[in-house]
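Data first, discussion second: the structure below is written as structure tokens.
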Amino acid sequence: MVIPGKPYKLPDFIGLGPGRTGTTWLHQVLEGQVDLPYGIKETQFFGSFYDKGIDWYGYHFRYATGDRKVAEICPYLTQAQAPERIKLHLPECKFIITLRNPIDHAYSAYKLLIHFVWARGTFEQVLNSRPHLDNGNRYARHLTRWFRTFERDRFLILRYEDLRRDPQRYLNQICEFTSVPRFRLSDRGDIGDDVHAFECAPKSRKLAQNARHVMYWLQSHRAYGVINALERAGVWQFCYGRGEKFPPLSPEQESMLLKRYLPEIEALEDLLKIDLSDWKRPRAPRIAPPIRSDGDAPNLSLAAGIASPGGAGQTNR
């Protein structure tokens, strides 16, 4: 998208997220196919750094020539002011949104909060004390706000399960929607299916907290080369990891989350006119039919185990 009178180009499309839905994977896959922010995945401009001005944002795309589409993959979906800000600067922008079962999404977001020391406590404690963790799963509410600002045909809405089941088909849909020439994932041997997963908590909360402050300071000053060098050297992993491994959700936790998010799932079905029955039943083994919000959640404690749909590999867990 060319901005008259400006020496830079801005995104033709944005992957809005939400986070924990394969956004890191998508960014890596699109590298070399579109022009992305230089040196960083997420600028967070339309959220945290909007006060720095549009020239600050545009500088991230200073190497974009116009020969390829320009894009950013950044989870702006839940940020209240983002639609109007993007409408002001990118009025013709298109959007990609990938939605994930809110049960899995809530737990993945919890692990991120612990990993970066934004919260402490058990999953239940954090879920009940951090409203924004719940807010991240209010898909229908957020989409309704975006639909009031942009036409519905500006949005390609996909499901995380689509990515897990058939990454090539998922990518093809994105390419068709954004007019990016199709390419084969098989030609990208460097791309796996387990990107940016958080397996364990920090060994030292103090060290992780200090590392987060340093990382955000570097980002605000666009010192992305330093951030990436520290990543390659294993510094961030040393600071944020090495602690206890996160356990899987228990059947009781799944049952609790199913009750909690069932109205949200049904609101999303009504908004998008799609069937999300698989989000409304226990994953495996299936011991009850899909339920409505006026019914009771099944007793998942009878399940012999917990299986994640789509196979063993996790993307952006």
Legend entry - Closest contact, heavy atoms only, Thr43 versus Trp56: O-CH2, 3.8 Å
Legend entry - Arg120, CZ atom: more than 12 neighbouring heavy atoms under 6.0 Å: no
Inset, instruction - With sequence neighbours left out, write down each residue that passes side chain to side chain contact (heavy atoms under 4.5 Å, CB included) with Gln168, or none if nothing qualifies. - result: Asp166, Leu171, Asn172, Arg184, Leu185
Legend entry - Arg169 atom CZ, over 12 foreign heavy atoms within 6.0 Å: no
Inset, instruction - Identify the heavy atoms of Ala140 and Leu271 that sit nearest to each other, and give their distance. - result: O-CD2, 3.7 Å
Inset, instruction - Assign the ring pair Tyr224 / His60 to parallel, tilted or perpendicular, where the plane angle (0 to 90°) is split at 30° and 60°. - result: tilted
Inset, instruction - Would you mind reporting whether Ile174 and Leu156 have side-chain heavy atoms less than 4.5 Å apart? - result: yes
Legend entry - Straight-line distance of Ile103 CD1 to Leu258 CG, nearest 0.5 Å: 4.5 Å
Inset, instruction - Would you mind reporting whether Phe95 and Leu90 have side-chain heavy atoms less than 4.5 Å apart? - result: no
Inset, instruction - Given ring pair (Phe, Tyr, Trp, His ring centres under 6.0 Å), test His221 with Trp217 step by step and report yes or no. - result: CA-CA 6 Å; His221 288 77; Trp217 185 89; 4.2 Å; yes
Inset, instruction - For Phe61, enumerate each residue passing the ring pair (Phe, Tyr, Trp, His ring centres under 6.0 Å) test, keeping only those at least two apart in sequence or located in another chain. - result: Tyr57
Inset, instruction - Let me see the working for His105 and Tyr139 under side chain to side chain contact (heavy atoms under 4.5 Å, CB included), right down to the final yes or no. - result: CA-CA 11 Å; His105 187 255; Tyr139 302 144; 3.5 Å; yes
Inset, instruction - Determine whether Ile265 and Lys280 make a side-chain contact, defined as any pair of heavy atoms from C-beta on separated by less than 4.5 Å. - result: yes
Legend entry - Residue pair Leu26, Thr98: steps toward the side chain to side chain contact (heavy atoms under 4.5 Å, CB included) verdict: CA-CA 11 Å; Leu26 181 59; Thr98 302; 5.9 Å; no
Legend entry - Qualifying residues under side-chain hydrogen bond (donor to acceptor under 3.5 Å, both in side chains), relative to His142, sequence neighbours excluded: Asn135, Arg145
Legend entry - Joint cluster assignment, Ile114 & Leu207, ILVMFWY side-chain distance < 4.5 Å: no
Legend entry - Close side-chain approach of Thr23 and His27, heavy atoms under 4.5 Å: no
Legend entry - Pairing residues for Phe177 by the ring pair (Phe, Tyr, Trp, His ring centres under 6.0 Å) criterion, not counting sequence neighbours: none
Legend entry - Pro18 to Leu99 - nearest heavy-atom pair and separation: CD-CD2, 4.0 Å
Legend entry - ILVMFWY network linking Tyr50 to Phe150, side-chain heavy atoms under 4.5 angstrom: yes
Legend entry - Counterpart residues, side chain to side chain contact (heavy atoms under 4.5 Å, CB included), relative to Asp35 (two or more places apart): Ala64, Arg68, Val70
Inset, instruction - Would you check if the side chain of Ser108 reaches a backbone N or O of Asp104 as a donor-acceptor pair within less than 3.5 Å? - result: no
Inset, instruction - Answer yes or no: is there an ion pair linking Arg281 with Asp278, defined by an N-O contact shorter than 4.0 Å? - result: no
Inset, instruction - Report the residues that fulfil side-chain hydrogen bond (donor to acceptor under 3.5 Å, both in side chains) with Asp51, sequence neighbours left out, ordered by chain and then residue number. - result: none
Legend entry - Spacing of Leu36 atom CG and Glu42 atom CD [to the nearest 0.5 Å]: 12.0 Å
Inset, instruction - Please list, chain by chain and in numerical order, all residues satisfying side chain to side chain contact (heavy atoms under 4.5 Å, CB included) with Thr149, sequence neighbours excluded. - result: Pro83, Glu84, Lys87
Inset, instruction - Answer yes or no: is there a donor N or O on one side and an acceptor on the other, between the side chain of Glu264 and the main chain of Tyr261, under 3.5 Å? - result: no
Inset, instruction - Find the distance between CZ (Arg159) and OH (Tyr170) and round it off to the nearest 0.5 Å. - result: 12.5 Å
Inset, instruction - Taking the side chain as every heavy atom from C-beta outward, state whether Leu143 and Leu272 have any atom pair closer than 4.5 Å. - result: yes
Legend entry - ring pair (Phe, Tyr, Trp, His ring centres under 6.0 Å) partners of Tyr76, counting only residues at least two apart: Phe46
Legend entry - Contacts of type side-chain hydrogen bond (donor to acceptor under 3.5 Å, both in side chains), residue Asn128, not counting sequence neighbours: Arg260
Inset, instruction - Kindly write out the residues that satisfy side chain to side chain contact (heavy atoms under 4.5 Å, CB included) with Asp275, not counting sequence neighbours, or none if the list is empty. - result: Glu269, Ser277
Legend entry - Spacing of Trp279 atom CH2 and Leu268 atom CG [to the nearest 0.5 Å]: 6.0 Å
Inset, instruction - Of all the heavy-atom pairs spanning Ala71 and Pro37, show the shortest one and how long it is. - result: O-CD, 3.3 Å
Inset, instruction - Using modelled atom types only, decide if a donor and an acceptor are shared between the side chain of Arg154 and the backbone of Cys93 within a distance under 3.5 Å. - result: yes
Legend entry - Which atom of Met256 lies closest to which atom of Glu124, heavy atoms considered: CE-CG, 4.2 Å
Inset, instruction - Give, for atom CG of Leu276 and atom CD of Glu266, the distance between the pair rounded to the nearest 0.5 Å. - result: 10.0 Å
Inset, instruction - Would you give the length of the straight line joining atom CG of Leu230 to atom CZ of Phe238, rounded to the nearest 0.5 angstrom? - result: 13.0 Å
Inset, instruction - Could you pull out the closest heavy-atom pair between Gly47 and Arg85, with the gap in Å? - result: O-NH1, 3.3 Å
Inset, instruction - Let me see the working for Ile54 and Tyr8 under side chain to side chain contact (heavy atoms under 4.5 Å, CB included), right down to the final yes or no. - result: CA-CA 10 Å; Ile54 191 63; Tyr8 47 73; 3.8 Å; yes
Legend entry - Shared hydrophobic cluster, Phe45 / Tyr63 (ILVMFWY, side-chain heavy atoms < 4.5 Å): no
Legend entry - Min side-chain heavy-atom separation Phe13-Leu30 under 4.5 Å: yes
Inset, instruction - Check the surroundings of atom CD in Glu176: do more than 12 heavy atoms from other residues, nucleotides or ligands lie under 6.0 Å from it? - result: no
Inset, instruction - Could you pull out all residues at least two apart from Phe246 that satisfy ring pair (Phe, Tyr, Trp, His ring centres under 6.0 Å)? - result: none
Legend entry - Single-linkage hydrophobic cluster, 4.5 Å side-chain cutoff, Tyr38 and Ile40 together: no
Legend entry - Heavy-atom side-chain contact between Pro11 and Lys94 under 4.5 Å: no
Legend entry - Ile97 side chain near Phe155 side chain, heavy-atom distance below 4.5 Å: yes
Legend entry - Whichever hydrophobic residues join Tyr59 through chains of side-chain contacts under 4.5 Å: none
